[in-house]
Amino acid sequence: MTGEGEPMAANSEALKRAAAARALEEVKPGMRLGLGTGSTANAFVELLGERVRGGLDVRCVPTSEATAALAGQVGLTLATLDDMPELDLTVDGADEIGPDLALIKGGGGALLREKIVAAASGAMVVIADAAKLVGTLGRFPLPIEIVPFGAEATRRAVLRLAEAQGLKGEVRLRTRDGHVFVTDGGHFILDAGFGAIPDPAALACGLAGIAGVVEHGLFIGLATKAIVAGDGGVQVLTRSANTES
Ligand SMILES: O=C[C@H](O)[C@H](O)[C@H](O)COP(=O)(O)O
């Protein structure tokens, strides 16, 4: 018997690629681009590579070592954010897209560089399949990047903040293959399974005030547009109106 998840996975990949293809329309010659991280961002990088090999001239800042490696393989011209501190456009994926294009990001552990690059960009386009759209953020555990020193003390401080804000759920140190997961920046990640987050801005503010927290995966007010591919086609949402265009 073949795996029941295979057709859905294949469909999900096709939807990610459809969203990535639509995002290419946002790219103009000469642009300075931020490249996100993750499977959806990878689809964009691959399609962008095809355009660049066809003559499109853009320069790109990757948000992770993994994206840098892929971008190099497909022939993109790379720069650091220090080389190009101001970018025209960042195209990135997301773990969840909520009201007003507030996002949860960091499932792949790249949230710190992703947020720095998005903040340095004139526009941020999020690409995703429709399964990422939610009415309230929080079904996906919120990634929180922390300094390794005092990780348990920081985890407890996050729990105290959550309790004070009426949030419940486990906060776990992320591991991979039996080892603590370490980000490109040398930090750890806490995954906070709070469930619904009714006030993302208040949580973001509280997390920013905890010693040991480097950054969190709530991206509020950064995405300017979301390109979401579903079975019914590709939908474009904008932050101002959050409506189809
Ligand atoms: O750290 C990873 C990033 O925030 C990704 O954009 C996010 O996890 C979505 O990844 P994917 O496109 O693979 O679902």
Side-chain angles (χ1 to χ4, degrees), residues 5 8-24 33-48 60-71 89-98 101-121 123-134 137-146 172-176 180-193 197 200 204 207 213-220 222-230 234:
M8 189 177 287
N11 186 43
S12 167
E13 291 313 306
L15 295 176
K16 289 174 184 179
R17 207 165 169 85
R22 170 62 183 78
L24 272 183
L33 297 176
L35 302 176
T37 294
S39 56
T40 321
N42 283 350
F44 176 77
V45 169
E46 285 168 3
L47 292 173
L48 183 64
C60 305
V61 174
T63 54
S64 64
E65 301 303 325
T67 296
L70 177 63
L89 170 69
T90 286
V91 178
D92 200 349
D95 299 301
E96 282 187 350
I97 304 172
L101 302 191
L103 312 173
I104 285 184
K105 288 183 54 56
L111 67 99
L112 176 60
R113 292 188 188 182
E114 288 175 337
K115 196 176 278 190
I116 294 170
V117 167
S121 301
M124 178 193 190
V125 171
V126 180
I127 51 176
D129 61 274
K132 303 287 184 64
L133 279 178
V134 296
L137 295 178
R139 188 176 61 201
F140 190 93
L142 176 66
I144 303 166
E145 186 154 349
I146 64 168
R172 297 181 180 201
L173 186 63
R174 186 181 295 182
T175 58
R176 181 182 281 175
V180 178
F181 176 86
V182 180
T183 69
D184 284 348
H187 304 125
F188 294 168
I189 298 274
L190 298 175
D191 290 304
I197 301 171
L207 288 170
V213 169
V214 178
E215 194 48 85
H216 55 78
L218 288 166
F219 283 47
I220 300 170
L222 284 169
T224 47
K225 192 180 276 189
I227 298 175
V228 181
V234 176

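Order of appearance sets the numbers: ligands from 1, and atoms from 1 within every ligand. The figures that follow rest on heavy atoms only: side chains count, while hydrogens, waters and symmetry mates do not.
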Can a donor-acceptor pair be found, under 3.5 Å and without considering hydrogens, that links the side chain of [X] to the backbone of [Y]?
X	Y	answer
Asn42	Thr67	no
Lys115	His216	yes
Thr224	Met124	yes

> For atom 14 (O) of ligand 1, which candidate among Lys115, Lys132, Lys16 provides the closest heavy atom?
Replying inline: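 Shortest heavy-atom distance from atom 14 (O) of ligand 1: Lys132.
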>> For atom 7 (C) of ligand 1, tell me which residue out of Asp95, Asn42, Thr67 has the closest non-hydrogen atom.
In response: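 Result: the heavy atom closest to atom 7 (C) of ligand 1 is in Asp95.
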> Would one find an N or O of Gly38, backbone or side chain, under 3.5 Å from an N or O of ligand 1?
Replying inline: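 No - when backbone and side-chain N and O of Gly38 are compared with those of ligand 1, no distance drops under 3.5 Å.
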>> Would Gly109 count as a polar contact of ligand 1, with the cut-off being nitrogen or oxygen pairs under 3.5 Å?
In response: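 Between Gly109 and ligand 1 (N or O atoms, distance only) the closest approach is under 3.5 Å.
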If you count the atoms of ligand 1 from 1 in the order shown, which ones are under 4.0 Å from a heavy atom of [X]?
X	result
Asp92	6 (O)
Gly108	1 (O), 2 (C), 8 (O)
Thr40	11 (P), 12 (O)
Ala94	6 (O), 9 (C)
Thr37	3 (C), 5 (C), 6 (O)

> Closest non-hydrogen protein atom to atom 3 (C) of ligand 1, residue and atom name please, with distance?
Replying inline: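 Heavy-atom neighbour on the protein nearest atom 3 (C) of ligand 1: Glu114 OE2, 3.0 Å.
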> When rounded to the nearest 0.5 angstrom, what distance separates CZ in Arg174 from OG1 in Thr183?
Replying inline: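 Going from the CZ atom of Arg174 to the OG1 atom of Thr183 covers 10.0 Å.
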